[in-house]
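Worksheet: the structure to be examined is printed underneath.
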Amino acid sequence: MNPFSQLGIRHDIVNAITDLGFENPTPIQEQSIPVLLTGSNDFVGLAQTGTGKTAAFGLPLLELLDFEENHPQALILCPTRELCLQITNDLKNYSKNMTNVNVVAVYGGANISDQLRQIKRGVQIVVATPGRMLDIINRKAINFSEVQFVVLDEADEMLNMGFQEDIDSILSTTPDDKKTWLFSATMPTEVRRIAKKYMTDPFELTMGEKNTGNVNIEHEYYTVRARDKYAAFKRIDFNPEIFGIVFCRTKIETQEIAESLIKDGYNADALHGDLSQQQRDKVMKRYRERSLQLLIATDVAARGIDVNDVTHVINYSLPDEIENYTHRSGRTARAGKTGVSIAIINAKELGKIRQIERVIGKKFVKAEIPNGFDVCEKQLFAIVHKVHNVTVNEQQIEQYLPRIMDEFKDLTKEDIIKRFASIEFNSFLDYYKNAPDLNAPIDDRSLRSDSGDRGAPRAAGNSDYTRLFINLGSVDEFNRGDLLGYICNTAKISGRTVGKIDVKGVYSFFEVPKGDVEKVFTEFKDAEFKGRPVRIEVSGEGTSDNRSGGGERSGNRRREGGYSGGGERKEGGFRREGGGSRERTGGSASGGGFRDFSGKRREDRNSGSSTGGERRRKF
Ligand code: AMP
């Protein structure tokens with residue numbers, strides 16, 4: 001039996017939601033649907049956005065209302081126009097196999113006559129933002145005297161936006177014996193107060209711990225100097241597949257960052273209250289359709305945005321109100337997916353991170369701003385991946401093949417591969433060749449409190465430890481835990497003695513006590529990984545013990561391992577003249593756009609080079 005049927009949902013609705021891909025109820029649906037289906041409780045659900053709460057209240061409503069009658073029986077209030085349209089749309093989808101279900105969306109910034117006309121035609125479910133709803137009530141264009149259910153969705157947001165009085169006025173036109181269902185991501189005292197005011201003995205459901213953020217969200221912070229913030233931002237999210245929302249504190253900052261990013265060739269746009277509704281709709285449409293990769297937004301403008309598959313939320317500036325952090329980060333990891341919420345802070349803001357940790361009940365991981373080398377490596381593999389996965393149009397290409405083959409006839413397979421990869425890669429190398437370290441130095445004590453930083457107290461430079469290089473990394477599908485296990489098994493040393501592990505793309509670093517170095521070398525002497533010899537070297541970075549020939553050598557060797565071409569490639573890459581010319585790599589939804597930039601221009605603006613001054617003023 002279908003799990004939704006087991007919860008008491010009728011056949012035609014189950015069929016409709018199956019078409020939407022709902023196979024199993026989400027936790028909130030599982031727990032709230034049976035309660036709400038009784039129709040006899042007030043209800044408070046503490047749940048994040050993206051947990052499936054629309055169906056949690058929407059499906060019971062469709063079961064409980066009498067659709068033979070054509071008057072308002074349910075009113076759903078929500079904070080934003082976007083959410084209002086989303087809920088309306090969802091309800092229409094759930095009820096597509098039912099007859100005579102009329103749902104009307106009532107929201108500001110759109111023609112009121114259309115909405116009035118729809119109401120006049122007959123409606124059972126009204127989904128509304130408070131301001132426009134009150135306007136319609138004041139025109140005496142709707143009668144709520146037979147409303148049985150009121151849903152207050154994202155109640156905390158509605159209160160944040162100052163809708164308290166409007167909600168009071170609207171609810172005063174509904175019958176006393178209606179049932180009220182309230183959903184909120186957080187439970188500040190104001191929400192508690194309205195729960196108390198409008199409800200009798202509500203059934204309370206808390207998904208996860210109170211005020212706890214979504215468990216599928218990883219929280220990271222990066223510490224930078226204020227002047228490096230923009231440059232750091234561009235490296236942190238330097239992820240070819242990113243589909244993100246960047247939060248700024250003010251409209252001006254939002255606009256400025258968006259403009260800078262656009263100028264720098266990013267696929268970004270701004271969303272804030274100074275734009276007209278039409279402009280905002282346009283931006284949101286592009287974002288939803290994924291023709292935009294980065295949405296730069298204020299808290300208010302981004303309320304109610306429920307776009308699935310957002311991979312990153314970036315707090316370019318931390319919110320003034322800690323509660324807002326939960327709303328921001330809740331824009332990612334929706335519908336059971338995972339996501340990352342990043343905060344870019346200066347050392348003084350570390351206290352605020354600790355405060356947020358207490359509110360969300362989860363620790364942040366301190367992350368390092370990637371250096372130029374890391375970024376290049378990531379890009380190289382993105383290119384390699386793209387070449388590997390490209391769809392070949394056999395028919396179209398066939399006619400050109402003889403000429404292409406002829407052109408390449410003097411090159412080996414390896415040469416051709418190198419050249420393809422280098423087409424884009426050279427300009428990254430060129431662009432990042434002198435990229436500075438943007439990590440701001442911070443107090444060691446703050447590092448120590450980071451649970452996520454393995455071995456942080458034994459940071460590089462601790463003279464009891466030696467930092468070793470190994471030619472295995474994330475491309476070999478190692479994470480820190482896996483690598484620790486592999487090192488311990490191979491070197492036959494205890495995991496507890498291993499210090500900081502830094503997994504990079506094609507290589508990694510790990511620290512071992514000086515006394516264990518010899519043993520590690522001995523045990524790894526003939527080690528192979530998937531048929532490849534494993535190479536260990538003393539790293540030149542951060543240790544004085546350069547047993548195997550010093551930092552310079554291991555540094556170069558590392559590059560050889562990474563780019564498989566040694567000295568020749570180094571010349572071709574780093575010294576290439578005019579390598580920055582870069583065509584748009586195609587605005588594909590999955591992220592070509594984000595990499596579409598003229599590498600040269602980007603960092604120059606912010607790294608203190610000749611054009612940097614102008615841009616710097618803004619930060
Ligand atoms: P909501 O929290 O209601 O905005 O839902 C977040 C997303 O999860 C929406 O895209 C829903 O379509 C989707 N969703 C809701 N319930 C389920 C379910 N049971 N199975 C799969 N997806 C769901």
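Just so you know, ligand 1 is whichever comes first in the structure, and atom 1 is the first atom listed for that ligand.
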Report the C-alpha distance between R193 and E190 in whole Å, list the side-chain angles of each, state the deciding distance to 0.1 Å, and finish with yes or no for salt bridge (charged side-chain N to carboxylate O under 4.0 Å, His left out).
-> CA-CA 5 Å; R193 217 159 23 84; E190 302 80 53; 5.5 Å; no
Taking the six-membered ring of Y316 (Phe, Tyr or Trp), confirm whether the NZ or CZ of K229 is under 6.0 Å from its centre and within 45° of its axis.
->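 Here K229 passes the 6.0 Å and 45° test against Y316.
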Which of the atoms of ligand 1 are close to [X], meaning less than 4.0 Å from one of its heavy atoms?
| X | answer |
| --- | --- |
| T54 | 1 (P), 3 (O), 4 (O) |
| T51 | 2 (O) |
| F4 | 19 (N) |
| N308 | 7 (C), 9 (C), 10 (O) |

4.0 Å heavy-atom contact, L20 with ligand 1 =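 For ligand 1, residue contact (heavy atoms, under 4.0 Å) with L20 is absent.
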Compute the shortest N/O to N/O distance between [X] and ligand 1 and return yes if it is under 3.5 Å, no if not.
| X | result |
| --- | --- |
| D90 | no |
| N24 | yes |
| G52 | yes |

Side chain to side chain donor-acceptor pair (under 3.5 Å) between D156 and H327, worked out | CA-CA 10 Å; D156 49 351; H327 289 294; 3.1 Å; yes
Between Y287 and E289, is a side chain to side chain donor-acceptor pair (under 3.5 Å) present by the stated rule, with each step listed?
-> CA-CA 5 Å; Y287 190 62; E289 288 171 352; over 6 Å; no
Run the numbers on Q255 and H272 for side chain to side chain donor-acceptor pair (under 3.5 Å), then give the verdict.
-> CA-CA 8 Å; Q255 186 65 32; H272 56 72; 2.6 Å; yes
Quickly, which of V127, L61, T180, L182 forms a side chain to side chain contact (heavy atoms under 4.5 Å, CB included) with V151? Name it, please.
->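 Among the candidates, only L61 passes.
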Heavy-atom contacts under 4.0 Å between [X] and ligand 1: side chain, backbone, both, or neither?
| X | result |
| --- | --- |
| F183 | neither |
| T26 | both |
| Q86 | neither |

So, the side chain of T298 versus the backbone of K251: is there a donor-acceptor pair under 3.5 Å, distance only?
->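 Here the side-chain-to-backbone pair does not exist.
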Is any side-chain N of the basic residue among D12 and K96 closer than 4.0 Å to the acidic one's carboxylate O?
->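 Here D12 does not pair with K96 in a salt bridge, since their nearest N and O are not under 4.0 Å apart.
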